[in-house]
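These values consider heavy atoms only, across backbone and side chains, with no hydrogens, waters or symmetry-generated copies. We count ligands from 1, going down the list as the structure has it; atoms in each ligand are counted the same way.
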Amino acid sequence: MVENERLRQEMRRCEAELQELRAKPAGPCPGCEHSQESAQLRDKLSQLQLEMAESKGMLSELNLEVQQKTDRLAEVELRLKDCLAEKAQEEERLSRRLRDSHETIASLRAQSPPVKYVIKTVEVESSKTKQALSESQARNQHLQEQVAMQRQVLKEMEQQLQSSHQLTARLRAQIAMYESELERAHGQMLEEMQSLEEDKNRAIEEAFARAQVEMKAVHENLAGVRTNLLTLQPALRTLTNDYNGLKRQVRGFPLLLQEALRSVKAEIGQAIEEVNSNNQELLRKYRRELQLRKKCHNELVRLKGNIRVIARVRPVTKEDGEGPEATNAVTFDADDDSIIHLLHKGKPVSFELDKVFSPQASQQDVFQEVQALITSCIDGFNVCIFAYGQTGAGKTYTMEGTPENPGINQRALQLLFSEVQEKASDWEYTITVSAAEIYNEVLRDLLGKEPQEKLEIRLCPDGSGQLYVPGLTEFQVQSVDDINKVFEFGHTNRTTEFTNLNEHSSRSHALLIVTVRGMDCSTGLRTTGKLNLVDLAGSERVGKSGAEGSRLREAQHINKSLSALGDVIAALRSRQGHVPFRNSKLTYLLQDSLSGDSKTLMVVQVSPVEKNTSETLYSLKFAERVRSVELGPGLRRAELGSWSSQEHLEWEPACQTPQPSARAHSAPSSGTSSRPGSIRRKLQPSA
Ligand code: ADP
Ligand code: MG
């Protein structure tokens, strides 16, 4: 306990010291690394204090325990003493009684008769005594055991006391260690504080020195500025003078400017006048050029012939089947792209046209050929492009094409759009389209609300002699999107009208009529050009035996209209007075576009396979005849041979072995009179 008291005092002293230390370093250098370290140390210190407080608690607990144990020990010792005293008393009493008993026995032995009784009583008493003795011995034994037990307890207590002493010693050692650590930390802190103080003094000295140097430099600068100021004063004076002079000049400037503007205006006016007269001159020249161009164009058309015939051979397709029937029967001339060779029933036949497109030719290639025709429409020419040939030879492919690879129709409109756009600075154009079909000599509007309605062709009431179709729908188009919408609309009309569109379209003529109306913004001159794109009905001849009823009627109508087309072209090219336009709806409708200085292109579609050679031969003969109709004035009607509508009414193709209108000058086919094979041939001296 004394030791404990001492430790407690020591601890109190330590705490007081600690308090002092904590109060000390609060001030001088916040934020420096030493303060950080000191904070660490402080943390450590508080940790140590905590540990110390814990130890103190433990110590006081142990003290309490020791106190308790000591109290109990004292109690036990007291009880032990009591027990020993009791035992001694009992022993004394018993030994006294024993002695008394022995004495009694001896006296009784001396007195004999009563002795026996006495002995007997003594014997009885001695057994009692013996019992009491053994009882007291047992008690004695019990007390001794208790004493031993108490001794054991005492020993344990002593051991506990010893261990608590050891603990106290350990704690003391720890406290000493903490104290030394505390001392060390304190020393460190003092050292750091000292070094920081030194640093601070040093920094202050340095800053002071620097400030002195800077001050000196500033003083020097000030002196320089002063001298500069003195030298600048005269410059300022001259500047002020200059400024006053300029001010005077600026006052006079508006007058000067007005004068300059006047002269410039006069110059510009003169220049504009010059440009104007130049422009007039250019415009005059341009108009003359325009006339010349049209003349040249007409001349070119006259030289080329305003009816051109080209052939296009489609590739062999899956639909042609397999075997000998589907073998290729058409070949081309490597050096001359106007020649086509056909092997018909083992005999080679050749034809010459304006151009022949092989199956490899693309839609663009074909379009390239017709491009010039289409643009002439913008200059006010009327143009007809026909696709002729048997069903399946590629007429619709050439005219309409596929959505991915459009044909002449869409490409023509696209070209017209771009051409019109190019001329937009001088010309205003509107482009309209109509779509119609002729089936069994009945004209129908494909863009109308009532596609079933029959349309009539009438003469314009204005006396111009022009024809028009009352009720034929015209859509104004401005973009490719518009065209697509129009085409789609026409197609939908046709699809809803006819269940078997494929069959129907092969037996009707489909017309796309594009009208380009223009006005020259500078002259007010107006032009109208019409482009007629016609997908003709299939030219195949129907055998008499195979056709009945409606099919026969269809065939007759087709034959009639195709022959009429041939007749009209023939009459036009031979410049006959009478052209039989009225022989069919088709020629009557296209009258404007076939006559005058209009231009016609016939694309003859050809199937290349063996089984179609009869029809191919027939188509090529038709083409060559159209082409060979003479342009020039020298040829009389008689020389042309007949172009009768019977040509299209040959009912029995099987028994007619078509004679090739051969390039090799073989005999002409249906010759009532000899017919020149082509213009080129006609130029030969023999013709
Ligand atoms: P038509 O209108 O003369 O009856 P189509 O134009 O319908 O004939 O052509 C018949 C088939 O041949 C179509 O499937 C078409 O796509 C195909 N065809 C025609 N010409 C060509 C060609 N030049 N290239 C590829 N396929 C073609
Ligand atoms: Mg077709």
TODO: Distance to 0.1 Å, residue and atom name: give those for the protein heavy atom nearest to atom 8 (O) of ligand 1.
DONE: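 Protein heavy atom with the smallest distance to atom 8 (O) of ligand 1: G394 N, 3.1 Å.
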
Task: Nearest neighbour in protein (non-hydrogen) for atom 25 (C) of ligand 1 - done: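 I find the closest protein heavy atom is P315 CG, 3.6 Å.
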
Task: For ligand 1, the portion of R312 having any non-hydrogen atom under 4.0 Å away - done: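 Answer for R312: side chain.
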
[X] neighbourhood, listing ligand 1 atoms whose heavy-atom distance to it stays under 4.0 Å:
X: R314; result: 12 (O), 19 (C), 20 (N), 21 (C)
X: K395; result: 1 (P), 2 (O), 3 (O), 4 (O), 6 (O), 8 (O)
X: Q390; result: 3 (O)
X: T391; result: 4 (O)

Going from [atom1] on [X] to [atom2] on [Y], what distance comes out if it is rounded to the nearest 0.5 angstrom?
X: D535; Y: E400; atom1: CG; atom2: CD; result: 6.0 Å
X: I438; Y: S508; atom1: CD1; atom2: OG; result: 9.5 Å
X: T515; Y: Q476; atom1: OG1; atom2: CD; result: 11.0 Å

Open item on the list: Tell me which one of V604, L353, L601 satisfies side chain to side chain contact (heavy atoms under 4.5 Å, CB included) with I310.
Closed with: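 Of the listed options, the one satisfying the test is L601.
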
Open item on the list: As a check for students: among T398, N405, V606, T396, identify the option with a heavy atom nearest to atom 7 (O) of ligand 1.
Closed with: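 The option holding the nearest heavy atom is T396.
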
Open item on the list: I want to know if ligand 1 touches G392 in the polar sense, i.e. an N/O pair below 3.5 angstrom.
Closed with: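 Yes - when backbone and side-chain N and O of G392 are compared with those of ligand 1, one distance drops under 3.5 Å.
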
TODO: Have a look at R507 and tell me which of E441, E437, E554, E540 forms a salt bridge (charged side-chain N to carboxylate O under 4.0 Å, His left out) with it.
DONE: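 The single option meeting the salt bridge (charged side-chain N to carboxylate O under 4.0 Å, His left out) with R507 is E554.
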
Open item on the list: Here's one to test your reading of the geometry: is the NZ or CZ of K395 within 45 degrees of the ring axis of Y388 and under 6.0 Å from its centre?
Closed with: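 Geometry flag: not set, cation outside 6.0 Å or 45°.
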
Task: Row check, Y439 ring normal vs R444 NZ/CZ: under 6.0 Å, within 45° - done: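 Verdict for Y439: no cation-pi partner in R444.
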
Open item on the list: Is atom 13 (C) of ligand 1 touching the protein, meaning some protein heavy atom lies under 4.0 Å away?
Closed with: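 Not a single protein heavy atom is under 4.0 Å away.
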
TODO: Identify, with sequence neighbours excluded, every residue that meets side-chain hydrogen bond (donor to acceptor under 3.5 Å, both in side chains) alongside E404.
DONE: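 Checked E404 against side-chain hydrogen bond (donor to acceptor under 3.5 Å, both in side chains); zero matches.
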
- [ ] Could you name all protein N, O or S atoms found under 2.8 Å from the Mg ion (ligand 2)?
- [x]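 Listed by chain and number: T396 OG1.
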
Task: Side-chain ion pair, K355 and D337, N-O less than 4.0 Å - done: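 Answer for the salt bridge query: yes.
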
